[in-house]
Asks: 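Submitted below is the structure of interest, expressed as structure tokens.
Numbers here simply count residues along the sequence, with the first being 1. Atoms within a ligand are numbered from 1 in the order they appear, just like the ligands themselves.
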Amino acid sequence: TLGKPEMHHRGWIDLNKNGVKDAYEDPALPTETRVADLLARMSREERVGQLLQKLMTDTSDKKDAALVTSGQLGSFLGVAPDANLRNRLQRLAVEETRLGIPLIFGFDTIHGFRTTYPIPLGLSCSWDTTLVERLTAMAARESTVVGVDWTFAPMVDIARDPRWGRIAEGNGEDPYLGGLIAAASVRGFQGNDYGRPDRVVACLKHYVGYGAAEGGRDYNTTEIGLPTLRNIYLPPFRAGVEAGAGTLMAAFNSLNGVPASGNRFTLDQVLRREWGFGGFVVGDWESVGELVHHGYAADKAEAGVLSLTAGVDMEMVSECYRELPAMIDQKKIDSAVIDEAVRRILRVKFKKGLFDQPYTAPVEVDVAAHRALAREAVAASCVLLKNEGAVLPLGTRSIAIIGPFAEEQAELLGCWHALGNAKDVVSLHAGLKAAVKKGKFRVARGCPIIEPASAKEIDAAVKQAKKADVVILALGEPALWAGENNHRLDLGLPGAQQQLFDRIVATGKPVVTVLFAGRPLAIPAVLEKSAAVLMAWHPGIEAGHGVADVLTGKVAPTARLTTSFPRSVGQVPVHYNHLHTSRPFSDYKDGTREALLPFGFGLTYTTFTYGPTRFSRDTLAMGGAITISTTLTNTGKAAGTETAQLYLHDVACLQGARPVRELKGFQRVTLAPGESREVSFTLRADELGSWSPDGKWVVEPGRFEATIAPNAASGEMAAFALQP
Ligand code: GLC
């Protein structure tokens, strides 16, 4: 259990001298009325206080007490797993300040709170938005037990560079799928009313373009042309806003020379004027103060003015906003700008119910059900990359489990595991032992994850491998080689793992390689020489059970890659939705530009064939619709689920060339052996458009191509025309 908060009296509402509540204290009144009444009562210092957020520590109820009781703090982040501490801090704000404005408590619940599930990049490979919604709802529920009101998730940054460690936290390289997952995550975290005690306010991050960091180096410069910004990086945020996200987080990076946390174009023009976003924006950790590092603001006072004016309503940890009263006096900023930021924050606090129920309410958590859901998520996230000679599902009990991840627990939790506990993690060995009755297992580490190997240890692993019928080789990268500030120069296996791989393959035994990582890896040799390869990402506490479910066939793999796998780091970027070039025939002297594995790729325990792509018409009028279909057949011996993907290409687009392929839809179809079914998608003419540089959705008549295929590198494109 996560600790039961002491029950608290219903709140703090006291009656004023006329024996009635002040308007802002009256839950029967509309939020806007309550906000206006409260704002009018607030001093300038109390207004500025709402704009600042501090890190919560286990002594905050002492060292930060004065800040809270003087109304100079609006929020804490990093909620300690102690509802009573959180409630003590809340009591200081609610009962010992002049107006009793409650704090809002934020936390990074990224892929689970106590029940850690697969990292978001892994979960995105499920292509299952319902599963995403169930998992984020579970995480929200667990986090509210300790008093979390607000999660800094979902991270919806499009990432095209596997060197960038935060690719692990996002949903891959495609804006259409990324947008669906962003919306599903918002629905899961918030439900249809984030004021409920088991829901939290969502936070779309990191707005915007953070994943385009040059060189894959975290926090680095981003240069993004308007057509790409509009059609690749912004859409997942727009989808999350349309799903009702209560907040956004402004990013660290500079975007075309202007820091994202001071960028009026994205924060005000796009987010507020074009999208009508009504919540509030929090800066990332000290990102307001870092406007000075960027060489954009001259000093902290100016950074505060620029950031608030651009549209960052709350400052995380850096204290530039403390200078705002002086900036008003020096006429560097108008108090109306501050008031609007305060209104946005108060609105969310009212909607979260913090004024009416400021203290943590007890929420029941069904740990067993949560573990079962996490196990389901693991199996749904594992991508089968190869399965030669149907070595999977496992058909033998004589199994060697070799490699640094054979018995590993902690590194399987992933890069943002919150209260996930290594001792709760089911290792691969434990999972296989539970799944394969009377299994004869031989286990050897072979080498460490990153340190050099000893010949003796590798020899011992080889010896064990030779005694088994099949080898499960468990390799990968540590949890914190991905995630924030964890970028890599190389995308191969760390340490001596490739050496171990080569020695095990040399035994001639069939090798099933299971990869645990937070990013796509450049593993051409592993793919070539393994009999089977399963990409398991960093799967969380149910790792061993979920992976074993797939390896044994209890659950057939259905996952599909949401990010291209490069052959080498030299190819990066290698995403599928690239533009045509003037000379498409040009390629590297020493290799190909084609990805090792394309977006959308994944195998299962049967095979499928696709018929030709057919159209309901060859030409389409504006305002009309076209149905695109094909015949899908299960040509294997087992039932299976295929993710049929619809790709579109706009052959000529005056407002900016369009990608060679864009995912426009997908259907997960389960067929029995030998069964065929027509799969069809209907696209309306207005879905054939794209965002113009000035933010308008524009549909241009002309020639289009489309195909329904198993991944971004397959399927013949067929043409149709959109008439003016
Ligand atoms: C970090 C991360 C952000 C996180 C925030 C609070 O630096 O960039 O994703 O939500 O700070 O922990």
Side-chain angles (χ1 to χ4, degrees), residues 52-57 60 73-81 103-113 119-121 136 139-140 143 146 148-159 164-171 182 185-186 189 200-213 216-220 222 233 236-237 240 245-255 259-263 279-291 293-294 307 312-320 414-420 479-480 482-487 518:
L52 285 126
Q53 176 184 62
K54 218 169 146 56
L55 177 66
M56 179 177 174
T57 67
S60 282
L73 198 61
S75 171
F76 277 103
L77 81 138
V79 181
L103 298 160
I104 185 166
F105 292 83
F107 187 82
D108 289 284
T109 307
I110 310 298
H111 54 102
F113 185 72
I119 55 169
L121 183 61
T136 43
S143 71
V146 297
V148 174
D149 305 309
W150 172 31
T151 180
F152 302 127
M155 189 273 216
V156 300
D157 299 307
I158 292 292
W164 187 54
R166 304 201 77 168
I167 194 171
E169 302 173 49
N171 303 309
S185 303
V186 168
F189 283 126
V200 295
V201 186
C203 182
L204 303 166
K205 70 183 187 182
H206 306 80
Y207 189 69
V208 64
Y210 186 30
R217 292 194 296 276
D218 204 359
Y219 317 121
N220 203 7
T222 68
Y233 291 95
F237 287 93
T247 66
L248 269 79
M249 181 183 292
F252 289 123
N253 56 290
S254 73
L255 172 61
S261 289
N263 196 307
F280 74 81
V281 175
V282 62
D284 200 340
W285 185 286
E286 298 192 336
S287 68
V288 170
E290 289 173 2
L291 263 58
H293 299 177
H294 279 295
S307 204
V312 176
D313 304 302
M314 183 183 283
E315 179 178 12
M316 183 186 288
V317 176
S318 53
E319 304 238 319
C320 303
C415 52
W416 279 100
H417 58 265
L419 270 58
L480 291 182
E484 183 170 355
N485 196 21
N486 292 321
H487 30 285

Asks: Taking 4.0 angstrom as the limit and counting only heavy atoms of Lys205, give me the atoms of ligand 1 inside it, by number and element.
Replies: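 Numbered from 1, ligand 1 contributes 3 (C), 4 (C), 9 (O), 10 (O).
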
Asks: I'd like to know if the side chain of Asp313 reaches the main chain of Val281, judged simply by a donor and an acceptor atom lying under 3.5 Å from each other, with no hydrogens or angles considered.
Replies: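 Here the side-chain-to-backbone pair exists.
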
Asks: Any idea which protein heavy atom is nearest atom 1 (C) of ligand 1, and the distance to it?
Replies: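 For atom 1 (C) of ligand 1, the nearest protein heavy atom is Glu484 OE1, 3.2 Å.
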
Asks: Under a heavy-atom criterion of less than 4.0 Å, does Met249 contact ligand 1?
Replies: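 Flag set, Met249 near ligand 1.
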
Asks: Geometry only, no angles: is Arg166 polar-contacting ligand 1 at N/O separations under 3.5 Å?
Replies: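 Yes: some nitrogen or oxygen of Arg166 is under 3.5 Å from one in ligand 1.
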
Asks: When the aromatic ring centroids of Phe152 and Trp416 are compared, is their separation below 6.0 Å?
Replies: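 No, the ring of Phe152 stays outside the 6.0 Å limit from the ring of Trp416, centre to centre.
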
Asks: Would you check if the side chain of His487 reaches a backbone N or O of Asp218 as a donor-acceptor pair within less than 3.5 Å?
Replies: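 Yes.
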
Asks: Tell me, which protein residue and heavy-atom name are nearest atom 9 (O) of ligand 1, and how many Å apart are they?
Replies: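 I find the closest protein heavy atom is His206 NE2, 2.6 Å.
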
Asks: With a 3.5 Å distance limit and no angle check, can you tell me whether Asn171 reaches the backbone of Val156 through a side-chain donor-acceptor pair?
Replies: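 Pair absent, no side-chain N/O of Asn171 close to backbone of Val156.
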
Asks: Could you tell me which atoms of ligand 1, counted from 1 in the order shown, lie closer than 4.0 angstrom to a heavy atom of Trp285?
Replies: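 Within the 4.0 Å cut-off of Trp285, ligand 1 contributes 7 (O), 11 (O).
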
Asks: Which atoms from ligand 1 have a heavy atom of Phe252 less than 4.0 Å away?
Replies: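 What qualifies from ligand 1 is 7 (O), 8 (O).
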
Asks: How far is atom 10 (O) of ligand 1 from its nearest protein heavy atom, and which residue and atom name does that atom have?
Replies: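 Nearest protein contact, heavy atoms only, for atom 10 (O) of ligand 1 is Asp108 OD1, 2.5 Å.
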
Asks: Between Thr109 (side chain) and Thr151 (backbone), is there a donor-acceptor pair under 3.5 Å?
Replies: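 Answer holds: no.
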
Asks: Numbering the atoms of ligand 1 from 1, which are under 4.0 Å from a heavy atom of Phe152?
Replies: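 Reading through ligand 1 atom by atom, the close ones are 10 (O).
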
Asks: Which class fits the ring pair Phe252 and Tyr219: parallel under 30°, tilted 30 to 60°, perpendicular over 60°?
Replies: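 Ring orientation of Phe252 relative to Tyr219: perpendicular.
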
Asks: For Met155, state whether at least one heavy atom is located under 4.0 Å from any atom of ligand 1.
Replies: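 The answer is no: ligand 1 sits nowhere under 4.0 Å from a heavy atom of Met155.
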
Asks: Indicate yes or no for a side-chain donor-acceptor contact from Glu169 to the backbone of Ile110 under 3.5 Å, with no hydrogens or angles considered.
Replies: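 Such a contact is absent between Glu169 side chain and Ile110 backbone.
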
Asks: Looking at His111 and Cys415, what are the two nearest heavy atoms and their distance?
Replies: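 Minimum heavy-atom contact is NE2-N, 3.8 Å.
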
Asks: Nearest protein heavy atom to atom 5 (C) of ligand 1, by residue and atom, and its distance?
Replies: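 I find the closest protein heavy atom is Asp284 OD1, 3.3 Å.
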
